[in-house]
Amino acid sequence: MDRYGNMDGDQVRENNRTVESSRASKIPYTRVYATVDLDAVVYNMERMKANLAKGTGLMAVVKTDGYGHGAAPVAWAVDSYVEMYGVASAEEALNLKKHGITKPILILGPVHDSHYEKLIEEEVRIPVFTWEQAERLSRQAVSLGKDAYIHLVADTGMSRIGMRPDEKSAGLAARISRLPGICAEGLFTHFARADEEDKTSTYRQMERYKNFVEMLEERGLLIPVKHISNSAGIIDLPELSAGFMVRAGISMYGLYPSGQVKKENVSLKPAMELKSFITYIKGIEPGDEVSYGGTFAAKESMRVATVSIGYGDGYPRNQSGKGRVLIHGKSAPILGRVCMDQMIVDVSHIPEAEVWDTVTLIGTDGEQHISVEELAGTGGGFHYEIVCDIGKRVPRVYRKDGTTAGTKDYFQDVYEDFVR
Ligand SMILES: *Cc1c(COP(=O)(O)O)cnc(C)c1O
């Protein structure tokens with residue numbers, strides 16, 4: 001028995017061939033993978049910068065592991081363009097630190113006090129909008145003999161986090177800023193509707209924010225790093241951001257925040273492509289049903305291909321019977337339901353299709369392109385969610401200067417202190 005244990009000789013030989021065929025294509029994966037074009041990420045940063053007033057600071061928002069693209073490689077790629085990074089949790093902030101990021105990192109959501117000590121030590125910026133948060137942070141900072149860098153948060157219209165931008169809160173903010181060990185570096189708010197054509201609500205939020213800044217200034221509190229705009233603001237309202245920092249999320253990855261923003265203002269290139277493989281091809285006859293529930297039945301003889309991707313990889317199940325993939329630059333409709341690990345597509349009109357051919361689920365093949373927005377439209381989903389949900393069973397292949405810069409295989413993971 002070799003190290004493959006229960007595989008018989010034929011299976012092992014099949015496995016050897018698989019490894020060979022994947023080597024030929026220079027991609028070490030044979031089931032599914034996503035490519036992330038770091039040159040596109042840099043291009044998007046440059047295009048945004050060109051749309052903004054000179055000197056506008058940039059924050060790269062790399063939460064949710066860089067919207068599914070991989071936070072560390074994206075941060076490495078844009079490091080010289082940005083002033084700061086934005087993440088969602090203490091763990092994400094410390095992960096960036098672990099990967100050698102030295103520029104300031106701000107956590108964009110509330111943080112439990114159990115993380116304060118480590119975050120202060122690592123100089124991670126923490127959002128603060130209550131006296132309790134500030135007092136605990138202050139005590140922790142004093143006991144460590146270090147400064148805790150905070151960004152105050154104003155709620156100007158999301159009702160998510162932040163203090164109401166009124167006189168009472170201005171007093172609170174001023175008191176917070178005078179606490180020992182507290183360094184009030186930033187003040188931010190977040191737009192709720194900047195991606196809509198009608199900017200009434202966005203202007204109202206901006207007005208509230210500016211009034212709050214004045215209230216703070218009247219109390220002698222000058223905040224050096226003020227930031228409001230997200231991708232939609234960067235694209236549609238660059239003039240609002242002069243003198244502020246902006247937070248670039250979805251646009252950095254090459255997707256527009258919505259179909260209503262002025263795309264002509266900033267040219268963007270999508271960074272991610274999602275690829276899989278044909279694993280099996282067969283003919284089916286009239287009346288043969290395809291996949292769970294038999295939601296598709298052949299009306300005529302067809303040639304169908306099994307593809308090794310499913311909702312377990314984050315490919316949306318709502319594409320069942322509606323979506324399409326690209327094979328040899330041609331569109332192949334998805335037949336029946338998307339399964340957890342596989343799905344079946346129609347290749348009757350693609351006679352050249354063969355087992356181990358590449359299947360494009362997101363991205364370009366020849367003249368054809370499937371965008372994340374198309375998937376969202378077809379399935380009734382949300383484009384941000386689609387990229388964020390590309391799962392850890394999908395290795396990422398990073399492209400830079402026309403070559404592969406590196407890969408990330410999420411299955412190289414570890415369980416710490418696990419008791420079995
Ligand atoms: C996620 C997030 C962003 C980025 O938003 P995009 O629409 O992706 O640009 C900016 N600011 C805050 C506070 C966020 O939570």
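Counting begins at 1 with the first residue of the sequence. Just so you know, ligand 1 is whichever comes first in the structure, and atom 1 is the first atom listed for that ligand. Hydrogens, waters and symmetry mates are skipped; everything else that's a heavy atom, side chains included, is used.
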Should you measure from each heavy atom of I250, which atoms of ligand 1 turn up under 4.0 Å away?
6 (P), 8 (O), 9 (O)
Distance under 6.0 Å and angle within 45° of ring axis: K275 vs F277
no
Heavy atom of the protein closest to atom 1 (C) of ligand 1 (residue, atom name, distance):
K63 NZ, 1.3 Å
Is it the side chain, the backbone, both or neither of S231 that has a heavy atom closer than 4.0 Å to ligand 1?
both
Could you tell me the residue and atom name of the protein heavy atom closest to atom 5 (O) of ligand 1, and the distance to it rounded to 0.1 Å?
Y67 OH, 3.6 Å
Under a 4.0 angstrom heavy-atom cut-off, which atoms of ligand 1 come close to N230?
5 (O), 9 (O)
Can you tell me if R160 has a non-hydrogen atom under 4.0 Å from ligand 1?
yes
If you take all heavy atoms of M163 and F212, which pair is closest and at what distance?
SD-CZ, 3.8 Å
Which heavy-atom pair separates K392 from Y410 by the least distance, and what is that distance?
O-CB, 3.1 Å
Around atom 11 (N) of ligand 1, find the nearest protein heavy atom and jot down its residue, atom name and distance.
R247 NE, 2.7 Å
Geometric N/O contact P257 with ligand 1, under 3.5 angstrom
no
Going through the distances and angles, do W76 and K400 end up as a side-chain contact (heavy atoms from CB on, under 4.5 Å)?
CA-CA 12 Å; W76 293 329; K400 206 169 126 229; over 6 Å; no
Answer yes when K97 and E121 have at least one side-chain N-carboxylate O distance shorter than 4.0 Å, and no when they do not.
no
Which residue and non-hydrogen atom of the protein lie closest to atom 7 (O) of ligand 1, and at what distance in Å?
Y384 OH, 2.6 Å
Inspect the contact between D37 and K269 and indicate whether a charged nitrogen and a carboxylate oxygen are less than 4.0 angstrom apart.
no
